[in-house]
Amino acid sequence: MELSQPEDAWFYTDATLLSSQSAGIDNMEHALTQLPYVIIASVLSVVGFLICGFVM
């Protein structure tokens with residue numbers, strides 16, 4: 001099973017680099033600010049997947 005993750009979860013994608021450069025901040029700082037949102041989305045996806053798996 002392969003879970004796809006949003007681009008903002010990775011520290012060196014084009015979206016992270018362009019966003020951090022245009023805001024004038026370090027790209028690691030930008031990526032770390034996105035981490036809570038990535039964790040929330042990942043947990044909700046896994047929970048939804050498990051619920052659908054048990055219901056079907």
**Student:** So which of Val38, Ile40, Val46 actually passes side-chain contact (heavy atoms from CB on, under 4.5 Å) with Ser42?
**Tutor:** Val38

**Student:** In a check of side-chain contact (heavy atoms from CB on, under 4.5 Å) between Ile25 and each of Glu29, Met28, Gln21, which one passes?
**Tutor:** Glu29

**Student:** Taking the side chain as every heavy atom from C-beta outward, state whether Leu32 and Leu35 have any pair of such atoms under 4.5 Å apart.
**Tutor:** yes

**Student:** Please report the closest heavy-atom contact between Ser20 and Asn27, naming both atoms and the distance.
**Tutor:** OG-CB, 3.2 Å

